[in-house]
Amino acid sequence: DSYSALLDMYPLYEEAPLIKQNVSETWYNLGDDSAAYRTRDELFRDYNPKSDWYANLEASEVPDRLNYLKQGHKLSERALQTNITLDFLRAQELEESGQPSIGMYRRVAKQCEDYLEVFPTDSNAYSVNWNYAQILDLKLNRFEEAYEQYIHVSNDYLETEFQQDAANN
């Protein structure tokens with residue numbers, strides 16, 4: 001709670017993403033996966049490269065601001081990537097047990113859209129884009145959107161394992 005109070009008082013503090021990451025890890029270590037998930041979501045939303053925090057720090061004269069920006073980028077990307085993976089695994093578990101999984105796959109698709117909007121050239125972007133296309137195609141039956149994503153993967157990510165598969169789909 002003291003970390004949360006600190007972030008409430010100083011939301012633009014340059015080390016805020018690291019503090020939020022520590023809060024998330026604390027929740028996880030305490031066994032509260034739901035609070036850890038929510039905190040990672042906040043970390044992504046509040047400190048990604050398109051956030052107010054990022055823009056304010058970028059325009060500031062804070063010493064070492066580039067290092068803080070890199071840290072915010074890295075931690076917010078990792079937070080969203082972790083939540084995408086957990087939700088995708090949950091969707092698969094629901095599907096395998098015969099429970100409704102479409103809602104969870106929709107959630108993962110939305111997270112993939114968010115990821116690709118904020119981190120379009122990140123090292124994980126091609127695998128996120130490929131998985132997004134697969135979910136649209138095989139799980140959500142949104143074939144036109146899937147086709148666009150397959151084209152994107154086949155054209156924009158040179159020399160990846162997914163390029164040939166995307167071109168064939």
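Remember, predicted model here, so these are calculated numbers, not experimental data.
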Requested in this report: Take Glu117 and Lys50, measure what side-chain contact (heavy atoms from CB on, under 4.5 Å) needs, and give me the verdict at the end.
Outcome: CA-CA 9 Å; Glu117 180 183 326; Lys50 294 192 174 196; 3.9 Å; yes

Report task. Decide yes or no on side-chain contact (heavy atoms from CB on, under 4.5 Å) for Tyr126 and Val153, but give the supporting numbers first. Result -> CA-CA 7 Å; Tyr126 70 88; Val153 170; 5.7 Å; no

Report task. Any chance you could lay out the side-chain contact (heavy atoms from CB on, under 4.5 Å) test for Tyr47 and Leu75, step after step, and finish with the verdict? Result -> CA-CA 8 Å; Tyr47 307 110; Leu75 293 175; over 6 Å; no

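A distance of 10.5 Å separates NZ in Lys20 from CG in Leu6, rounded to the nearest 0.5 Å. Considering CD of Gln81 and CZ of Arg40, their distance stands at 11.5 Å, rounded to 0.5 Å. A distance of 10.5 Å separates CG in Asp64 from NZ in Lys70, rounded to the nearest 0.5 Å. Going from atom CG of Asp156 over to atom CD1 of Ile151 covers 10.0 Å, rounded to the nearest 0.5 Å. Atom OH in Tyr132 sits 12.5 Å away from atom CG in Asp137 (nearest 0.5 Å). Once rounded to the nearest 0.5 Å, the distance linking CD of Glu14 with CG of Leu69 reads 10.5 Å.
A heavy-atom distance below 4.5 Å is found between the side chains of Lys110 and Asp114. Using a 4.5 Å heavy-atom cutoff, the side chains of Arg107 and Arg90 are not in contact. You'll find the side chain of Leu140 reaches within 4.5 Å of the side chain of Ile102, heavy atoms only.
If you run side-chain contact (heavy atoms from CB on, under 4.5 Å) between Val118 and each of Pro49, Ser76, Ser51, only Pro49 comes through.
Shown here for Thr39 and Val23, the closest heavy-atom pair between the two residues is CG2-CG1, 3.8 Å. Minimum interatomic distance between Ala16 and Pro11 (heavy atoms only, all atoms of both residues): CB-O, 4.1 Å. When every heavy atom of Ala133 is checked against every heavy atom of Ala146, the shortest pair comes out as O-CB, 3.7 Å. The two residues Pro17 and Leu43 make their nearest non-hydrogen contact at O-CD1, 3.6 Å. Residues Ala125 and Pro120 share a closest heavy-atom pair of CB-O, 3.4 Å. Scanning both residues, Glu58 and Arg65, for their nearest heavy atoms gives O-NE, 3.4 Å.
Between the side chain of Asp41 and the backbone N or O of Tyr37 there is no donor-acceptor pair closer than 3.5 Å.
Under a hydrophobic-cluster definition in which Ile, Leu, Val, Met, Phe, Trp and Tyr are linked whenever side-chain heavy atoms come within less than 4.5 Å, directly or via other members, Leu80 and Leu86 are assigned to different clusters. Connection of Ile135 to Phe143 is not established within any shared hydrophobic cluster, with ILVMFWY side chains joined at heavy-atom distances below 4.5 Å, either directly or through further cluster members. Hydrophobic cluster membership differs between Leu138 and Val108, with clusters built from Ile, Leu, Val, Met, Phe, Trp and Tyr side chains linked at under 4.5 angstrom. One hydrophobic cluster holds both Tyr13 and Tyr54 under the rule that ILVMFWY side chains link at heavy-atom gaps under 4.5 Å. Under the 4.5 Å side-chain heavy-atom criterion for Ile, Leu, Val, Met, Phe, Trp and Tyr, Ile84 and Leu89 are members of distinct hydrophobic clusters.
Between the side chains of Glu25 and Gln21, at least one donor-acceptor pair of N or O atoms lies under 3.5 Å. There is no side-chain donor-acceptor pair under 3.5 Å between Asn83 and Gln111. Checked by atom type, the side-chain pair Ser34/Arg38 shows a donor-acceptor distance below 3.5 Å. Side-chain contact, Gln134 with Tyr150: a donor N or O sits under 3.5 Å from an acceptor N or O.
Other members of the hydrophobic cluster containing Leu94, listed by chain and number, are Met104; membership follows side-chain contacts under 4.5 Å among ILVMFWY residues, whether direct or relayed.
Every pair passing ring pair (Phe, Tyr, Trp, His ring centres under 6.0 Å) that includes a residue from residues 59-106 is listed here, sequence neighbours excluded: His73-Phe119.
More than 12 heavy atoms of other residues, nucleotides or ligands shown are found within 6.0 angstrom of CD on Gln99. Environment of CG in Asp52: sparse, with no more than 12 heavy atoms of neighbouring residues, nucleotides or ligands closer than 6.0 Å. The environment of OH in Tyr28 is sparse: at most 12 heavy-atom neighbours from other residues, nucleotides or ligands sit within 6.0 Å.
Classification of Glu77 and Lys74 as a salt-bridged pair fails, no side-chain N sitting under 4.0 Å from a carboxylate O.
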